[in-house]
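Numbering of residues begins at 1 and proceeds along the displayed sequence. The structure presented is a predicted model; accordingly, all values stated were derived computationally and were not measured.
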Amino acid sequence: MGFAEQRFNVNLSILFTELPLLERPAAAAAAGFTAVELWWPWIDSPTPEQSELDALKQAIEDAGVQLTGLNFYAGQLPGPDRGALSVPGEESERFRANIDVAADFAASLGCTALNALYGNRVEGVDPAEQDALALENLVLAARAADRIGAILLIEALNEPESPRYPLVSAPAAVGIVDKVNEATGLGNARFLMDLYHLSMNGEDLPAVIEQYTAKTGHVQIADNPGRGAPGTGTLPLEELLDQLTKAGYEGWVGLEYKPGDRPSTEAFGWLPAEHRAAR
């Protein structure tokens, strides 16, 4: 099977960042892709002006690409933050203010996957308090996602790069998925399986795929080491994606890698142009 059998989308928050945000959808389309995903683009504002939302919506529509995934507000990302929903006080309030804004924006573009990054541990705060707050906020996010016919994604990051993030294994993230589904009864919380992060944690990727594909709502890839394009590291990404397909995964595969010291347009040589448009 191989890469040719996958449905890829381009993450416009890590690729094409040499361009202004509103030019990135067209750049992805020019490179041959028909689907994109985004971290929350306004890192300083969970509730941007409607004109800013409208401008991004128009840029995506004009480019003729489908928005297939969007993060809720997650603080300074990239940067020191790893989400806001488990951080007491202002950050939790900013996350809550963002929930309906993000959901409505996603709905306006037919996007049906919303990713909620858990947030770092805070010194001096009881982890149990953070986890209780996180569950409250994830329940609200799951209900908002359900309102627009979307799934809620919960992601494991990697401990070397995110040492204060508590979900640094597939079992940890899937455990939160299960708690959210139990709390809401909606069943729309799903695991975001990022093969780069899991490999950085030293996890057995074939075993993770075997055990958790049924609970997976989205997959992201980058090679390791380096978080570059497939082929720049040592991960057998083609084989792993084949295994996912055989295990029944039919969703999107997000290209969430760094282009390196070159324009993003030159970072797709591993994927022939005829296989970039989603089927």
Side-chain angles (χ1 to χ4, degrees), residues 9-17 21 24-25 28 35-48 52-53 56-57 59-60 65-87 91-120 134 137-138 140-148 150-158 161-162 165 167 173 176-177 180 188-194 196-197 216-222 227 251-258:
N9 63 38
V10 177
N11 189 302
L12 297 181
S13 299
I14 194 169
L15 285 156
F16 295 107
T17 57
L21 174 65
R24 295 177 203 169
V36 299
E37 63 182 28
L38 280 163
W39 303 340
W40 184 248
W42 299 278
I43 60 175
D44 295 321
S45 176
T47 55
E52 294 184 81
L53 293 160
L56 180 55
K57 179 177 184 286
I60 291 170
V65 294
Q66 174 66 43
L67 182 68
T68 58
L70 178 68
N71 282 18
F72 287 107
Y73 169 79
Q76 298 289 323
L77 186 73
D81 300 330
R82 296 291 185 270
L85 62 91
S86 69
V87 180
E91 279 300 271
S92 172
E93 293 170 5
R94 286 161 73 87
F95 177 82
R96 291 191 183 195
N98 174 251
I99 290 175
D100 283 335
V101 177
D104 289 344
F105 182 74
S108 75
L109 286 161
C111 173
T112 57
L114 290 161
N115 183 27
L117 286 173
Y118 199 81
N120 288 327
N137 283 335
L138 286 168
L140 295 174
R143 289 174 178 158
D146 181 70
R147 173 174 63 81
I148 66 165
I151 59 173
L152 173 70
L153 296 169
I154 296 169
E155 182 176 9
L157 301 183
N158 74 78
E161 294 175 331
S162 304
Y165 189 83
L167 308 184
I176 300 299
V177 167
V180 174
N188 69 330
R190 310 282 285 173
F191 176 42
L192 195 167
M193 184 187 294
D194 186 310
Y196 167 75
H197 287 308
T216 297
H218 186 47
V219 172
Q220 291 175 332
I221 63 169
R227 200 174 184 176
W252 294 96
V253 177
L255 304 181
E256 197 187 51
Y257 60 79
K258 298 176 182 178

Measuring from atom CD of E37 to atom CG of L70, what distance do you get when rounded to the nearest 0.5 angstrom? 9.5 Å

Is the closest side-chain heavy-atom distance between Y196 and E161 below 4.5 Å? yes

Residues Q76, D44; criterion side chain to side chain contact (heavy atoms under 4.5 Å, CB included); working and verdict: CA-CA 7 Å; Q76 298 289 323; D44 295 321; 2.9 Å; yes

Could you tell me the separation between the CG atom of L21 and the CH2 atom of W42, rounded to the nearest 0.5 Å? 6.5 Å

List for me each residue that meets ring pair (Phe, Tyr, Trp, His ring centres under 6.0 Å) alongside F16, sequence neighbours excluded, and say none if there are none. F268

For residues 100-109, which residue pairs qualify under salt bridge (charged side-chain N to carboxylate O under 4.0 Å, His left out), counting only residues two or more places apart or in two chains? D100-R147, D104-R147

Of the non-hydrogen atoms in A150 and A113, which two are nearest, and what is the gap between them? CB-N, 4.1 Å

Quick one: which residue pairs count as a salt bridge (charged side-chain N to carboxylate O under 4.0 Å, His left out) with a foot in residues 106-115, not counting sequence neighbours? none

For L114 versus A102, what's the shortest heavy-atom pair and its separation? CD2-O, 4.2 Å

Considering only heavy atoms from C-beta outward, does the side chain of H218 approach that of N115 to under 4.5 Å? no

If we ignore hydrogens and angles and just use 3.5 Å, is the side chain of R24 paired with the main-chain N or O of L12 as donor and acceptor? yes

Do V65 and V10 have side chains that get closer than 4.5 Å, going by heavy atoms? no

Within the structure provided, determine whether K57 and F105 are in side-chain contact (heavy-atom separation under 4.5 Å). yes

Heavy-atom closest pair, residues L117 and L85: O-CD2, 3.1 Å

Interatomic distance, OG1@T216 vs CZ@F191, rounded to 0.5 Å, equals 5.5 Å

Any chance you could measure L109, atom CG, to I60, atom CD1, to the nearest 0.5 Å? 5.0 Å

Does a side-chain heavy-atom distance below 4.5 Å link I43 with D81? no

Work out which heavy atom in A145 is nearest to a heavy atom in N188; give both atom names and the distance. CB-ND2, 3.8 Å

Who pairs with Q66 by side-chain hydrogen bond (donor to acceptor under 3.5 Å, both in side chains), at least two apart in sequence or on another chain? none

Step by step, work out the side chain to side chain contact (heavy atoms under 4.5 Å, CB included) result for Y257 and I14. CA-CA 7 Å; Y257 60 79; I14 194 169; 5.7 Å; no

Side-chain heavy-atom pair I221, L255 within 4.5 angstrom cut-off: yes

Distance in Å, N71 CG paired with L192 CG, rounded so as to fall on 0.5 Å steps: 8.5 Å

For the atom pair CD1 (I154) and CG (L138), what is the distance rounded to the nearest 0.5 Å? 5.0 Å

With sequence neighbours excluded, tell me which residues meet salt bridge (charged side-chain N to carboxylate O under 4.0 Å, His left out) with E155. none

Sequence-distant partners of W39, side-chain hydrogen bond (donor to acceptor under 3.5 Å, both in side chains), two or more places apart: E256

Please confirm whether the ring centroid of F95 lies under 6.0 Å from the ring centroid of F72. yes

How about N137 and S92: do any of their side-chain heavy atoms sit closer than 4.5 Å? yes

Are Y73 and R94 close enough that a side-chain donor and a side-chain acceptor fall under 3.5 Å? yes

Please check if the side chain of W40 supplies one atom and the backbone of S45 the other of a donor-acceptor pair under 3.5 Å. yes

List the atom of A28, the atom of V36, and the distance in Å for their closest heavy-atom pair. CB-CG1, 3.9 Å

Beyond-backbone contact of R227 with N158, side-chain heavy atoms, under 4.5 angstrom: no

Minimum-distance pair of heavy atoms, taken over all atoms of V87 and N120: CG2-O, 4.1 Å

